[in-house]
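All remarks here apply to the structure that follows.
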Amino acid sequence: MLMVESLDCGYGATQVLRDFSLAVDRGEILCLLGRNGAGKTTALKAIMGLVKPSAGRVLVDGTDVAQLPAEAAPLHGLGYVPQGRRLFAELSVAENLEIGLMAGDKAGRGGPAAARRDDALALFPVLRERLNQRAGTLSGGEQQMLAIARALCLEPSVLLLDEPTEGLMPAMIARIREVVEELRRREVAILLVEQRVDAVLQIANRVLFVENGRSRETVEAERLRAEPALLDRYVGVGH
Amino acid sequence: MDFGPFFLLAAMEGAVGAAVLAVTALGLSLVFGVMRVVNVAHGEFYMLGAVIAWWVTSLLGVHPALGFLAALIVSPLIVGAIAGAAERLVLTRIHYDPEATIVATIGMLYIIQQAVLMTYGPDARPVQPPFDFRIQLPWFGYSGYKLFVILAAALLMLAVWWGLTRTRVGLMMRATQFDRETARAFAIPVDTVYGGVFAVGAMLAALGAVLVTPIQQAHYLMGHDPLLLSFIVVIIGGLGSLRGTVLAAVIIGMSDGIISVFFSPTLAKIIATLAVAFVLVWRPQGLFGERPA
């Protein structure tokens with residue numbers, strides 16, 4: 001579904017990703033694991049076209065989106081839940097969702113807007129009571145739900161989530177995990193950046209280790225559960 | 001004339017000025033709010049709007065009402081096209097760098113001003129008002145056209161408010177304003193939005209100018225005061241805040257009109273500028289502006 005082939009990219013003269021590759025299938029969760037600054041967030045931004053790669057390809061269902069302008073990525077079915085949520089804090093919850101719906105309409109994806117919206121709200125019913133509230137006034141967990149719901153409004157075939165559980169309460173983390181699992185059942189390809197190793201082991205199908213901007217090995221999550229020693233090598237001790 | 005009626009007259013003059021100022025300043029506020037571009041050439045788009053209005057009405061030579069209506073449509077379109085082209089040719093090339101855009105728009109200011117001087121000349125030329133209706137109050141008669149200006153400006157503001165808050169294009173503009181990168185991740189063509197916002201900002205200035213030409217004459221230096229007052233309004237109201245812009249335009253426009261009638265226009269400008277200084281000291285984000293995070 002999503003294939004990244006030998007991507008090189010960086011900010012200005014600083015190269016962040018080198019020969020970075022990955023592949024995610026429909027109905028699969030691939031987790032990126034690595035130390036801070038390893039290039040996980042940059043990898044997601046590069047896939048979304050927000051950081052222009054200097055070499056390599058980003059194939060979504062066979063189409064290379066790496067050379068297209070950033071606003072083309074969502075039109076090919078890429079949904080993005082950025083680090084720190086990045087909601088339009090001044091806009092209402094409904095307007096934030098509307099932005100996702102607009103992207104879906106442009107892409108001509110999925111069903112009618114109303115159905116996509118109901119679908120996203122069905123996963124996070126609490127948002128329905130907050131539709132007219134300013135997004136910036138929601139609690140942290142609700143903001144994260146909104147960030148995910150906004151991305152779901154375009155009915156993505158690939159969903160990129162950058163640390164969706166950062167700083168949330170356990171109950172909220174569990175809810176978000178359930179939703180991500182539900183999306184996997186709906187055959188969405190999911191690329192997840194997550195710091196907490198225990199969470200990764202519970203949810204991932206495969207884990208890709210990222211080190212110094214390079215994609216290292218991809219390991220089945222099951223194997224990692226059996227051999228936690230592998231973890232030490234890439235994410236260090238203490239996890 | 002007694003003080004009461006005299007004050008009423010001054011207030012009505014102030015209200016007309018406030019109405020035109022609100023429309024013009026809204027354009028400046030929109031451009032700054034969405035694009036973070038300080039458009040020093042805004043006053044020249046205003047002047048261009050007035051000059052084109054004169055040109056359209058005198059070229060058509062039809063009934064004043066028809067000519068005015070044509071100017072009201074044609075002038076903003078031409079000014080919008082020029083502004084859009086300038087945005088594509090200049091501002092995109094300098095990547096909206098804050099310092100560079102100020103210098104670039106100063107350049108635009110002189111290019112537009114001198115181009116108008118070379119073609120239109122140094123004369124001030126009037127546009128005939130679309131109708132000659134006078135409202136007779138017990139103390140004095142008042143131009144019906146001036147009241148029309150207030151009404152038209154109010155309608156324009158409502159239209160802009162509606163467009164910004166109730167349409168998808170407006171939502172795209174606001175999303176771009178708050179988070180450019182995330183907007184792009186949701187298929188919002190930020191470059192097109194920028195071009196459009198710059199053009200719409202200039203069109204609002206042109207609309208304000210078309211409304212004003214039957215009262216004031218079109219002249220190649222007429223853009224200075226509106227630029228200064230627009231900046232004052234935008235700073236007092238809070239950058240990028242629609243409500244603040246309208247409220248500050250009413251305050252500044254009214255006080256400008258009233259003080260000009262009773263004392264002198266220069267004193268009015270001094271007081272307005274002083275007000276900006278006080279706002280910057282005590283409430284730097286403006287009356288309705290968001291405090292930067």
Side-chain angles (χ1 to χ4, degrees), chain A residues 41 44-52 65 68-92 94-109 113 132 134-136 146-147 149-154 156 158-160 162, chain B residues 29-30 32-36 88 92-97 160-197 237-245 285-293:
Chain A
T41 293
L44 296 202
K45 283 193 175 181
I47 293 169
M48 289 306 294
L50 299 171
V51 184
K52 271 279 154 254
V65 299
L68 302 177
E71 49 266 32
L75 303 184
H76 288 89
L78 293 179
Y80 183 40
V81 182
Q83 188 174 28
R85 299 152 202 148
R86 299 286 287 269
L87 293 173
F88 300 102
E90 308 286 320
L91 304 186
S92 70
E95 286 172 327
N96 271 278
L97 294 174
E98 180 71 17
I99 284 165
L101 294 172
M102 265 189 320
D105 285 352
K106 265 192 219 157
R109 305 186 58 78
N132 294 317
R134 262 182 48 188
L146 179 55
R150 179 177 65 177
L152 293 182
C153 277
L154 69 93
V158 182
L159 185 63
L160 314 181
D162 199 343
Chain B
S29 174
L30 201 62
F32 183 85
V34 176
M35 304 168 69
R36 301 279 132 181
R88 288 292 91 169
T92 53
R93 306 286 169 94
I94 54 177
H95 306 290
Y96 309 100
D97 173 75
V160 170
W161 172 82
W162 182 83
L164 276 175
T165 57
R166 296 283 184 276
T167 67
R168 286 194 152 189
V169 173
L171 186 59
M172 283 191 209
M173 287 185 186
R174 287 183 296 148
T176 306
Q177 168 172 3
F178 297 131
D179 190 337
R180 218 181 138 183
E181 190 179 82
T182 309
R184 298 191 81 189
F186 283 90
I188 295 177
V190 167
D191 292 340
T192 315
V193 170
Y194 272 28
V197 165
L239 290 164
S241 158
L242 196 94
R243 259 186 322 166
T245 303
Q285 74 274 31
L287 298 179
F288 286 94
E290 289 293 323
R291 206 177 269 281

Subject >> Between OG1 on residue B:Thr182 and CG on residue A:Leu50, distance to nearest 0.5 Å >> reply: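 The CG atom of A:Leu50 is 8.0 Å from OG1 of B:Thr182, to the nearest 0.5 Å.
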Subject >> Rounded distance [0.5 Å steps], CG in B:Leu171 versus CG in A:Asn96 >> reply: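 Nearest 0.5 Å value for the CG-CG distance: 8.5 Å.
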Original post:
Which pair of non-hydrogen atoms, one from B:Ala187 and one from A:Pro74, has the smallest distance, and what is that distance?
Top reply: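 Result for this residue pair: N-CG, 3.2 Å.
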Subject >> Least distance between heavy atoms, B:Asp179 atom then A:Arg86 atom >> reply: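 Closest approach of B:Asp179 to A:Arg86: OD2-NE, 2.7 Å.
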**OP:** Please determine, among A:Leu87, A:Leu154, A:Asp105, the option with the most heavy-atom pairs under 4.5 Å with chain B.
**Re:**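 It is A:Asp105.
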Original post:
Heavy-atom distance under 4.5 Å to chain B: side chain of A:Ile99, backbone, both or neither?
Top reply: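 Both parts, heavy atoms under 4.5 Å.
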Original post:
Which answer fits A:Ala73, side chain, backbone, both or neither, if we ask what part of it has an atom under 4.5 Å from a heavy atom of chain B?
Top reply: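 No part of it gets close to chain B.
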Original post:
Considering the options A:Met102, A:Glu71, A:Lys106, A:Arg150, which one meets the side chain to side chain contact (heavy atoms under 4.5 Å, CB included) requirement together with B:Phe186?
Top reply: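 Exactly one candidate clears the test, A:Arg150.
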Original post:
Mind checking whether B:Arg184 and A:Met48 have side chains closer than 4.5 Å, heavy atoms only?
Top reply: no
Original post:
Any side-chain heavy-atom pair from A:Glu90 and B:Gln177 closer than 4.5 angstrom?
Top reply: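 With C-beta onward as the side chain, the pair stays apart.
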Subject >> Engaged part of B:Thr192 at the chain A interface, taking heavy atoms whose separation is under 4.5 Å >> reply: neither
Original post:
Does atom CZ of B:Arg243 have more than 12 heavy-atom neighbours from other groups under 6.0 Å away?
Top reply: no
